[in-house]
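Values in this document were obtained by computation on a predicted structure and should not be read as measured data.
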Amino acid sequence: KEDCMGCGIHIHAGTSCATADDPKGHGWNSVVVQDLWTSAGGATYKSDSTGYANGYFSLTNGYGYEANVHHAVVMHTEGGARVACGILM
């Protein structure tokens with residue numbers, strides 16, 4: 001999306017992107033961290049007027065690598081719509 005400010009990218013609880021429901025909700029350990037959809041959490045990105053985006057996200061979601069692998073990683077618009085999904089390998 002052009003000029004997307006505060007769009008999100010983070011790990012979800014689901015392990016598939018086959019259907020819109022498969023990624024499930026955001027995946028984080030709420031006892032250890034808060035939802036990472038914040039710039040402080042490193043899980044936001046911005047795009048320019050052509051839609052080019054550059055971003056990153058942090059795996060500091062309260063779970064180790066083994067607990068995150070094979071989970072869905074979802075990109076969201078600033079309004080929360082899911083625009084891309086992939087599986088963390």
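In terms of modelled atom types and a separation under 3.5 Å, the side chain of Arg82 and the main chain of Val74 share no donor-acceptor contact. Checked by atom type and distance alone, the side chain of Asp22 never pairs as donor or acceptor with a backbone atom of Gly14 at under 3.5 Å. A donor-acceptor contact shorter than 3.5 Å links the side chain of His12 to the backbone of Lys24.
Linking ILVMFWY side-chain heavy atoms closer than 4.5 Å, directly or via other members, places Val73 and Val83 in a single hydrophobic cluster.
In terms of heavy-atom proximity, Val69 sits nearest to Met89 at CG2-C, 3.8 Å. Nearest heavy-atom pair, Tyr63 versus Asn29, reported as atom, atom and distance to 0.1 Å: CE1-N, 3.4 Å. Heavy atoms only, all atoms of each residue included: Ser16 and Ala72 are closest at O-CB, 4.1 Å.
Between the SG atom of Cys7 and the CD atom of Glu78 there is a distance of 5.0 Å, given to the nearest 0.5 Å. For the atom pair CG (Leu88) and CD1 (Ile11), the distance works out to 5.5 Å, reported to the nearest 0.5 Å.
Trp28 and His26 have tilted rings, their planes meeting at an angle from 30° to 60° on a 0 to 90° scale.
Checked by atom type, the side-chain pair Asp21/Thr19 shows no donor-acceptor distance below 3.5 Å.
Applying the ring-ring contact (aromatic ring centres under 6.0 Å, His included) rule to His71 yields no partners; only residues at least two apart in sequence or on another chain are considered.
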